[in-house]
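What follows is a single structure, written as structure tokens, with notes after it.
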Amino acid sequence: MADSTILTSLSYVFGWTYFTCWSLSFYPQSILNFSRKSTSGTTIDFPLINSLGFFAYTISNVAFAYSPLIRAQYAVRYKGLTPTVQFNDITFAFHGLILCFITVSQYLLPRAWGFTPSLGSRPSRFILGTFFGCVVGALIIILRVWASPVRNDTSGTAVTEGGWVWLDAIYAVSYVKLVVTLIKYTPQVIVNYRNQSTEGWSILQILLDFGGGILSIAQQAIDSYQQGDWSGISGNPVKFALGNVSMIYDLVFIAQHYVLYRHAAGAKADGGERDPDLDPLLRENMRGGDEERRIQ
């Protein structure tokens, strides 16, 4: 009993600590943009696709936490267990969605923020294709479930033997967040590589994200251990993937900032200029001496 109480308390502390780290990670980039009066060195790709991801994540978390039908179908499919989504997950998702919208507005409405217009304000075809592909894919599954005569079934047969139920629709929505998580950082990794610099990209948001990822995985492991069944992870793959995939990207950004391009900022501060011909994607008429590369 004592061990169970300790683990429950530890899960609670880990949950709110990762919530704090991940929530704070949304602020450094928008604050950096505001302090520089520019979004140069970054593109809209990351905050735009991240907005879609957190919209899907908010919907799926609310459904797993508060929908009696979804929770009943989940219990049938996973042998009486309940979703491991907690209130801090919902709070984090909604807060992240709002902050993503704010950051996107810095790219779409630069003059309203007093920014110099930037080439990175136009999304790449890769991100636009991913955005609309995710939306269309989720809508197809939702319509398929809507047409299913067993969509509201909680008896067990339809839920466990391949019938289309509302739980499947919520999973389809949640997988949008998973897809977004798998690719959302890729454009910025490439931009940093082509610029040979992380200037304009906040490393603080990455450090906070990395710490939150470790704690998120730890919390979910504790919850699954207490339930005596690791389907707490397999039944909520999005939350598990959030911690793992994001940390891999975080390590790449940390290597870029502290190892690969650590001298780039200092070189510019000393008056050095990069040769525009080094990158064929660099556009002319850049303002303020900042260089950007976009993914075509």
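All values reported here derive from a predicted model rather than from experimental measurement.
- Under the 4.5 Å side-chain contact rule for hydrophobic residues, Val180 and Val189 share a cluster.
- Considering only heavy atoms from C-beta on, Leu251 comes within 4.5 Å of Phe210 through its side chain.
- Separation of the Phe253 and Tyr261 ring centroids does not fall under the 6.0 Å cut-off.
- In this structure, Leu260 CG and Ser197 OG are separated by 11.5 Å, a value rounded to the nearest 0.5 Å.
- Ser60 contributes a side-chain N or O that, together with a main-chain N or O of Tyr57, makes up a donor-acceptor pair within less than 3.5 Å.
- Judged by distance alone, the side chains of Ser124 and Asp45 do bring a donor and an acceptor atom under 3.5 Å apart.
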Practice item. Show the numbers, then the answer: is there a side chain to side chain contact (heavy atoms under 4.5 Å, CB included) between Ile203 and Tyr258? Key: CA-CA 9 Å; Ile203 192 61; Tyr258 291 109; 3.7 Å; yes

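- The shortest distance between side-chain heavy atoms of Val173 and Ile141 does not fall below 4.5 Å.
- Between the side chain of Ser216 and the backbone N or O of Gly213, no donor-acceptor pair lies under 3.5 Å.
- Relative to the six-membered ring of Tyr175, Lys177 misses at least one condition, a distance below 6.0 Å or an angle of at most 45° to the axis.
- Here Ile183 contributes atom CD1 and Ile49 contributes atom CD1; the two are 5.0 Å apart, rounded to the nearest 0.5 Å.
- Clustering ILVMFWY residues whenever any of their side-chain heavy atoms sit less than 4.5 angstrom apart, transitively, puts Phe132 in the very cluster that holds Leu139.
- Minimum heavy-atom separation, Pro47 to Tyr107: CG-CE1, 3.8 Å.
- The hydrophobic cluster containing Leu32, built from Ile/Leu/Val/Met/Phe/Trp/Tyr side-chain heavy atoms closer than 4.5 Å, comprises no other residue.
- Sorted by first then second residue, the side chain to side chain donor-acceptor pair (under 3.5 Å) pairs that include residues 136-151, not counting sequence neighbours, number zero.
- Following chains of ILVMFWY side-chain contacts shorter than 4.5 Å, one cannot reach Val13 starting from Leu215, and the two form parts of different hydrophobic clusters.
- Using bins of under 30°, 30° to 60° and over 60° for the plane-to-plane angle, the ring pair Tyr171/Tyr78 lands in the perpendicular bin.
- A distance of 10.5 Å separates OG of Ser38 from CD of Gln106, quoted to the nearest 0.5 Å.
- Rounded to the nearest 0.5 angstrom, Leu143 CG and Trp164 CH2 are separated by 11.5 Å.
- Among all heavy-atom pairs drawn from Asn33 and Phe115, the shortest one is O-CZ, 3.4 Å.
- Between Ile44 and Thr39, the closest side-chain pair of non-hydrogen atoms is not below 4.5 Å.
- Partners of Asn192 according to the side-chain hydrogen bond (donor to acceptor under 3.5 Å, both in side chains) rule, which considers only residues two or more places apart in sequence or in another chain, are Gln188, Gln256.
- Looking only at distances, a side-chain donor or acceptor of Gln73 sits under 3.5 Å from a matching main-chain atom of Leu167.
- When all heavy atoms are compared, the tightest approach of Leu108 to Ser121 is CD2-O, 4.2 Å.
- Residues Met247 and Ile217 are in side-chain contact: their nearest non-hydrogen atoms beyond the backbone lie under 4.5 Å apart.
- Across every non-hydrogen atom of Ala138 and Ala172, the tightest pair is CB-O, 4.4 Å.
- With contacts defined as side-chain heavy-atom distances shorter than 4.5 Å, the pair Tyr74/Val85 does not qualify.
- Linking Ile, Leu, Val, Met, Phe, Trp and Tyr residues whenever their side-chain heavy atoms come within less than 4.5 Å leaves Trp166 and Ile140 in two separate clusters.
- Residues Arg71 and Tyr66 approach most closely at CD-N, 4.4 Å, considering heavy atoms.
- Between His257 atom NE2 and Trp201 atom CH2 the span is 12.5 Å, to the nearest 0.5 Å.
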Check your understanding: Does the side chain to side chain contact (heavy atoms under 4.5 Å, CB included) test come out yes or no for Asp168 and Val165, once each step is laid out?
Key -> CA-CA 6 Å; Asp168 298 307; Val165 296; 3.4 Å; yes

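- Summarising the hydrophobic clusters (Ile, Leu, Val, Met, Phe, Trp, Tyr; side-chain heavy atoms under 4.5 Å, direct or chained), the residues clustered with Leu204 are Leu24, Leu208.
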Please set out all donor-acceptor pairs under 3.5 angstrom arising from side-chain atoms of residues 92-105, sequence neighbours excluded.
residue, atom, partner, partner atom, Å
His95, NE2, Tyr27, OH, 2.9
Thr103, OG1, Leu99, O, 3.1
Ser105, OG, Ile102, O, 2.4
Ser105, OG, Trp113, NE1, 3.2

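- The two residues Ile170 and Ala63 come nearest to each other via the heavy atoms CD1-CB, 3.7 Å.
- Residue Tyr18 is grouped with residue Leu10 when hydrophobic side chains (ILVMFWY) are merged at heavy-atom distances under 4.5 angstrom, including chains of intermediate members.
- Within the 4.5 Å cutoff, the side chain of Phe131 has no heavy atoms near those of the Pro123 side chain.
- Partners of Tyr249 according to the side-chain hydrogen bond (donor to acceptor under 3.5 Å, both in side chains) rule, which considers only residues two or more places apart in sequence or in another chain, are Thr186.
- The structure places CG of Asn61 at 9.5 Å from OG1 of Thr91, a figure rounded to the nearest 0.5 Å.
- Taking 4.5 Å as the limit, some side-chain heavy atom of Tyr185 sits within range of a side-chain heavy atom of Asp209.
- At a threshold of 4.5 Å between non-hydrogen side-chain atoms, the residues Val191 and Thr42 do not count as touching.
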